[in-house]
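What follows is a short report on a single structure.
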Amino acid sequence: MPELPEVETIVRGLRGPLVGRTFTGVTVLWPKTVQTPVSELEQRLPGQRVEQITRRGKYLHFHLSAGDSLFIHLKMSGDLLVEPSAGPVHPHVRAIFHLDNGHQLRFKDMRKFGRVYLVDDPLKVVGKLGPEPLADDFTASAFAALFRRRRGRLKPLLLNQSFIAGIGNIYADESCFIAGIDPRRQVDTLSAEELGRLYHAVRQALQSGIMHKGATLDQVYRGGEFQHHFQVYGRTGAPCPRCGTAIERVVLGGRSTHFCPVCQR
DNA sequence: CTAAAATCCTGGTGGC
DNA sequence: TGCCACCAGGATTTTA
């Protein structure tokens with residue numbers, strides 16, 4: 001489940017092999033992967049050079065020379081590979097982007113949830129996303145301001161991409177633990193002090209994930225090792241690293257949620 | 001407005 | 001050993 005740190009790691013790894021390359025064609029193997037009509041993709045993509053690759057929330061953003069934007073969302077099981085055109089194609093590859101150097105960018109996605117978009121205006125894809133939690137101008141007061149007039153439980157709000165972009169199930173649970181806040185809390189009961197702790201916890205969890213090159217999970221190997229540093233996520237019944245109490249698991253907003261019943265209030 | 005459920009998917013798992 | 005129901009989960013959509 002690639003979240004912000006995993007996507008950031010993938011983006012950094014793709015710049016070397018892809019920036020400056022020109023797409024020469026595209027082969028769609030699972031049509032639902034492509035949100036843009038296949039015929040339009042086949043017509044507009046070839047000839048466009050990759051000027052830069054950035055990340056917005058959990059989206060990869062390929063800035064193209066004709067002004068178009070190619071977006072890829074990996075969802076649950078997506079991965080991106082740059083491989084020689086002559087090499088074998090893994091059965092889970094859903095789309096192939098042909099490059100001008102005998103290589104291909106291959107979108108591999110076992111569960112078929114991932115999506116590809118080619119648009120003229122980036123806002124058509126990422127226009128409704130909330131702020132970037134690691135941006136320099138995303139201050140503690142900006143964070144606290146987001147909570148004004150918001151209601152509901154904390155965990156689902158952290159997962160809401162139009163609230164803040166990039167946080168997924170792993171980093172939401174880890175952030176709540178670091179902040180010492182129960183993910184079931186109603187957000188309108190959070191004090192200014194607690195919001196301050198949560199701000200630093202979110203940034204720390206995401207930074208730590210990036211430092212470890214993300215987490216390798218779900219049979220998708222990306223070289224990251226943050227999965228060895230989870231404090232609560234996926235550790236139901238295991239001792240809390242702070243107090244030793246067994247980590248509990250509940251379902252919130254349809255998502256499994258892990259927390260320490262003693263350290264998080 | 002919030003909240004929960006359904007939807008899309010497949011491979012791994014656990015039960016029998 | 002083999003079969004199968006069940007589960008995970010990001011984002012969207014539907015229903016309450």
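It should be emphasised that the depicted structure is a prediction, and the values quoted were computed from it without experimental measurement. Lettering follows sequence order; numbering is per chain, from 1.
Close placement of the F147(A) and F163(A) rings is indicated, their centers lying within 6.0 Å of each other.
Closest to the side chain of R150(A), out of dC9(B), dG10(C), dT2(B), is dT2(B). Closest to the side chain of R151(A), out of dG11(B), dC9(B), dT2(B), is dT2(B). Which of dA11(C), dA3(B), dG11(B) sits closest to the side chain of Q186(A) comes down to dA3(B). With distances taken from any side-chain atom of K75(A) to the nucleotides dA4(B), dC8(B), dG10(C), the minimum falls on dG10(C).
Here dG9(C) presents its P atom at 10 Å from CD of E3(A), a figure rounded to the nearest Å. Summarising the geometry, the separation between CZ on R111(A) and P on dC7(C) is reported as 14 Å, rounded to the nearest angstrom. Atom-to-atom, NZ of K32(A) to C1' of dT12(C) comes out at 12 Å; the value is rounded to the nearest Å. Nucleotide dG10(C) holds its P atom 16 Å from the CD1 atom of I164(A), rounded to whole Å. Summarising the geometry, the separation between CG on L252(A) and P on dA3(B) is reported as 10 Å, rounded to the nearest angstrom. One can place CG of L157(A) at 8 Å from P of dT2(B), the figure rounded to the nearest angstrom. Per the geometry, CG belonging to L74(A) stands 14 Å off C1' belonging to dA11(C), to the nearest Å. Taking atom CE of residue M76(A) and atom C1' of nucleotide dG10(C), one finds them 7 Å apart after rounding to whole Å.
At dA8(C), one or more side-chain N or O atoms of R249(A) fall inside 4.0 Å of OP1 or OP2 (strictly under the cut-off). Regarding contacts with the backbone of dG10(C), every side-chain N or O of H73(A) stays at 4.0 angstrom or more from both OP1 and OP2. Contact check, S77(A) against dC9(B): no side-chain N or O comes under 4.0 Å of OP1 or OP2. Contact check, K128(A) against dA11(C): no side-chain N or O comes under 4.0 Å of OP1 or OP2. For Y59(A) and dA11(C), the shortest distance from a side-chain N or O to OP1 or OP2 is not below 4.0 Å. Side-chain N/O atoms of K112(A) include one lying less than 4.0 angstrom from OP1 or OP2 on dT10(B).
Looking at heavy-atom distances under 4.0 Å, Y233(A) makes contact with sugar-phosphate atoms alone, never a base. Among the protein residues, R153(A) comes within range of the sugar-phosphate backbone only, with heavy atoms under 4.0 Å from sugar or phosphate atoms but none that close to a base.
The minimum heavy-atom distance between L14(A) and L80(A), with the atom names listed, is CD1-CD1, 3.8 Å. Annotation for I53(A) and V50(A): closest pair CG1-CG1, 3.8 Å, computed over non-hydrogen atoms.
Between H92(A) and G152(A), the residue whose closest nucleotide on DNA chain B is further toward the 5' end is G152(A).
Remark: F177(A) CZ to C240(A) SG distance equals 4.0 Å, nearest 0.5 Å. For the atom pair CZ (R55(A)) and OG1 (T9(A)), the distance works out to 9.5 Å, reported to the nearest 0.5 Å.
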### Task
Give the intermediate values and the outcome of side chain to side chain contact (heavy atoms under 4.5 Å, CB included) for residues F230(A) and D173(A).
CA-CA 9 Å; F230(A) 292 164; D173(A) 282 4; over 6 Å; no
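Judged by ring centres under 5.5 Å apart and planes tilted less than 30 degrees, F113(A) stacks against the six-membered base ring of dG10(C).
Donor-acceptor pairing under 3.5 Å, judged by distance alone, is present between the side chain of R255(A) and the base of dG10(C).
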